[in-house]
Protein chains: 4
Amino acid sequence: MATAMEAPDPKHDLALGLCEVMAAIDRRGWCDGTGGNFSCVLRRQPLALVMAPSGVEKGGLKPADLIVVNDQGEVVEGKGRASAETLLHLAIVAEREAGAVLHTHSQAATLLSRLAEIKGDPLAAQGWQLKIKGLEMLKGLEGIRSHEQQIAIPVLPNDQDLGRLSQLARRHLDEAPFGILISGHGLYAWGDDLAMAKRHLEILEFLLEQHWRELQLRSLGNGMETTP
Amino acid sequence: MATAMEAPDPKHDLALGLCEVMAAIDRRGWCDGTGGNFSCVLRRQPLALVMAPSGVEKGGLKPADLIVVNDQGEVVEGKGRASAETLLHLAIVAEREAGAVLHTHSQAATLLSRLAEIKGDPLAAQGWQLKIKGLEMLKGLEGIRSHEQQIAIPVLPNDQDLGRLSQLARRHLDEAPFGILISGHGLYAWGDDLAMAKRHLEILEFLLEQHWRELQLRSLGNGMETTP
Amino acid sequence: MATAMEAPDPKHDLALGLCEVMAAIDRRGWCDGTGGNFSCVLRRQPLALVMAPSGVEKGGLKPADLIVVNDQGEVVEGKGRASAETLLHLAIVAEREAGAVLHTHSQAATLLSRLAEIKGDPLAAQGWQLKIKGLEMLKGLEGIRSHEQQIAIPVLPNDQDLGRLSQLARRHLDEAPFGILISGHGLYAWGDDLAMAKRHLEILEFLLEQHWRELQLRSLGNGMETTP
Amino acid sequence: MATAMEAPDPKHDLALGLCEVMAAIDRRGWCDGTGGNFSCVLRRQPLALVMAPSGVEKGGLKPADLIVVNDQGEVVEGKGRASAETLLHLAIVAEREAGAVLHTHSQAATLLSRLAEIKGDPLAAQGWQLKIKGLEMLKGLEGIRSHEQQIAIPVLPNDQDLGRLSQLARRHLDEAPFGILISGHGLYAWGDDLAMAKRHLEILEFLLEQHWRELQLRSLGNGMETTP
């Protein structure tokens with residue numbers, strides 16, 4: 001945070017906040033290897049995102065390690081390469097007016113994103129929706145006021161052509177206020193600012209792990225006794 | 001802790017203790033997003049609770065971030081909003097004479113709170129009890145002297161009307177010495193003071209995770225071999 | 001560690017080592033609430049154990065918080081109460097010539113200790129053995145030279161009369177070089193000194209969690225494909 | 001890192017990096033007890049590996065605690081014994097030109113390495129391959145460009161004769177660019193340098209845990225609903 005004696009540096013503050021969020025995400029095991037990618041909007045006109053470079057561990061980054069990319073996904077400041085997935089970040093920033101986008105590879109998100117594929121459901125190839133309701137934690141998502149409200153997370157087929165994948169995502173983002181899953185790939189979560197994006201990420205990860213446990217519980221035939 | 005040279009400040013000490021407990025709870029993943037809520041009784045006459053404000057991450061709070069609420073759930077000191085769930089904290093403080101109330105959203109508590117609902121049991125709508133026995137860890141609950149004693153945790157249906165939910169809870173609190181579950185929502189645990197509330201929370205969370213594993217173990221048909 | 005200028009203080013060194021081990025155990029969630037108990041032999045003649053007092057959280061203790069107990073389980077130094085389970089520590093120190101005893105309450109140990117009981121096996125009431133083989137990690141147990149060697153961990157029924165339980169344990173300790181399970185209660189692990197006891201604890205906890213996963217894997221009917 | 005005023009010390013830098021990696025691996029519970037072993041190539045001509053000594057906890061080592069071994073697995077610098085598994089490290093360094101080798105004992109790797117054995121598959125005794133595809137995280141492995149590429153991890157039977165086991169491994173290493181599993185034992189992962197080896201380790205551990213969850217998901221008969 002800039003003191004009274006220093007010129008304020010919004011980029012540094014944003015980058016520092018993003019580094020702290022990435023470190024917290026890494027501690028939870030949601031971006032193992034050099035997985036995941038993370039960005040914040042630095043300005044809208046012209047569009048500039050502060051983001052982690054591709055191919056590095058995200059848990060130990062410092063503000064100076066981050067890059068700035070423009071609306072074409074080109075690096076305009078800093079050292080390092082922009083991930084091909086930057087196109088998806090840009091699509092989300094454009095379509096959802098998100099201020100921050102957090103993309104993780106957790107166990108639960110990866111597993112449930114493949115539910116249709118693992119079932120052999122033909123929807124796997126064209127995209128489907130994972131629906132969740134009945135949980136108070138849903139209220140951690142902006143605008144959800146009751147556990148009885150159902151959310152539907154779009155699940156898109158994975159594609160190594162990120163231009164094509166981001167075009168497909170653009171067509172589904174109007175029905176995705178908080179996040180999307182890419183099959184076999186992971187979760188994108190976002191929000192108006194970094195704090196909201198982190199909150200949405202934690203809530204969606206909680207809900208996905210809970211959904212996985214619920215699938216296991218539903219398959220248990222016996223031993224489930226409730227008593228008045 | 002106040003030194004000999006300073007005026008003692010029981011509110012600061014209590015708030016500091018509560019912040020440390022919230023940080024520990026956050027590290028375990030029991031209050032993701034801005035979930036959970038946490039309070040300590042500052043004084044009884046007139047009643048005042050030190051508590052975390054609503055809508056913030058609980059893991060990184062400092063004593064100055066906490067609020068004080070009165071027996072109507074109104075904020076009388078500090079910045080921030082009191083959660084609607086304050087009514088449930090007040091009900092527990094009144095009915096159980098609790099000195100601290102800790103409300104978490106863990107995976108196991110959320111899952112098992114929905115056991116009746118997931119089974120399609122009509123009790124889900126009116127409330128039921130989750131019963132646990134046979135575990136030494138039960139003795140971590142105040143007054144339990146043997147693993148053979150059974151506890152029954154009331155499980156209440158969730159309700160976005162917290163006035164109505166806290167009224168319902170009041171009718172069940174005489175049978176709930178340590179905690180209650182709200183379906184699809186999470187656990188409330190409490191104790192005479194903060195240390196006892198933390199102990200009860202950790203014990204109940206342990207017992208719930210253990211109960212979930214026991215349900216899984218009971219459903220395994222084979223491979224379970226014991227030998228004399 | 002005492003420097004050349006200070007009188008050596010073996011009790012302080014031992015207590016400090018024990019506090020570090022307890023903190024590590026607490027971080028893993030193996031002594032939630034005020035669960036678990038932990039001791040080291042300070043001297044043999046007359047017997048004295050440095051140990052954690054009963055009824056406190058074990059994760060944040062300092063050397064000055066520990067107590068010294070004699071061979072009757074009576075506190076001879078320090079503030080605090082000796083756990084009733086001290087009798088079991090003393091039995092293990094006597095029968096196995098252990099230098100340190102670590103007693104934990106983990107999810108896997110608690111669950112598997114009840115395997116016979118959950119199966120409705122009449123052996124549950126009289127004690128049985130949990131057998132494990134085929135795992136390289138067995139070699140972390142002193143004297144085990146091959147993954148093909150089988151170990152048999154005695155599992156004793158729980159008993160709130162610790163005098164009776166420690167007498168029962170004494171009759172089984174000659175067949176228990178590393179640890180015993182108490183049903184629904186948890187694991188006791190030990191070793192010639194604190195480092196070996198910690199190693200045995202971590203190995204046994206690993207093997208128990210692995211055994212639990214193996215039981216789950218064995219019960220999966222399909223989806224298990226191996227290819228040459 | 002050596003400063004301009006100091007003579008550069010590549011061995012110290014390498015050893016420090018390895019100690020940091022071992023501490024991170026220990027925090028994840030992948031080398032409990034004194035399990036696991038870890039090495040980096042210090043020089044090729046004549047071959048020298050910096051590595052952790054045998055029989056010690058790996059999580060708290062300092063550079064001065066490490067040993068240097070030659071191409072016969074003999075200790076040429078430092079105090080401590082070289083693990084018998086050094087022969088396997090040397091085989092991997094020779095056959096794969098690896099710069100670093102990380103050997104862990106995680107729950108998922110240990111469990112899945114025994115899949116053939118647990119199924120009673122005769123391949124268990126002669127070695128088989130664990131195949132994984134469809135996951136974006138595969139791209140964290142050097143040279144993998146698409147989630148559609150399948151990898152095949154050789155799984156070799158365990159053998160306490162490490163000379164024989166390393167000879168067997170040499171025959172399979174040409175089909176193992178990233179890692180191998182030893183049945184009931186654990187994972188060896190490697191890379192051109194320490195950073196790549198750590199990345200491959202984290203990716204393979206992620207994929208193995210995911211594969212275990214996928215096996216569980218595939219065995220659930222009901223409750224798996226996807227909706228368009």
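Predicted model, so just to flag it, every value in this text is computed and none were measured. So that the names make sense, note that chain A is the first sequence line, chain B the second, and so on, each numbered from 1.
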Exercise for the section: Would you check if B:Asp192 and B:Glu97 make a side-chain contact, meaning some heavy-atom pair closer than 4.5 Å? Expected result: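 SC-SC contact between B:Asp192 and B:Glu97 ruled out.
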
Handout entry: Toward chain C, the part of B:Glu148 with a non-hydrogen atom under 4.5 Å
Key = neither

Can any side-chain N or O of [X] pair as donor or acceptor with the backbone N or O of [Y] at less than 3.5 Å?
X	Y	result
B:His147	B:Gly134	no
C:Thr86	C:Ala82	no
B:Lys58	B:Thr34	yes
C:Ser83	C:Glu85	yes
B:Lys131	B:Gln150	no

Exercise for the section: Sort by residue number and list every member of residues 135-146 of chain C having a non-hydrogen atom under 4.5 Å from chain B. Expected result: none

Handout entry: Positions in residues 155-184 of chain C that reach chain B, provided some heavy atom is under 4.5 Å away
Key =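 Answer by number: C:Asn158, C:Asp159, C:Gln160, C:Gly184.
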
Practice task
Decide if the gap between the ring center of C:His89 and the ring center of C:Tyr188 is smaller than 6.0 angstrom.
Solution key: yes

Exercise for the section: Indicate yes or no: does B:Glu205 engage B:Arg28 in a salt bridge with an N to O separation below 4.0 Å. Expected result: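 Salt bridge absent between B:Glu205 and B:Arg28.
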
Handout entry: C:Glu214 portion near chain B, given a 4.5 angstrom heavy-atom threshold
Key = neither

Handout entry: Worked check of side-chain contact (heavy atoms from CB on, under 4.5 Å) between B:Leu208 and B:Ile203
Key = CA-CA 9 Å; B:Leu208 291 165; B:Ile203 296 291; over 6 Å; no

Practice task
Using only heavy-atom distances, determine whether the side chains of B:Gln210 and C:His105 contain a donor-acceptor pair under 3.5 Å.
Solution key: no

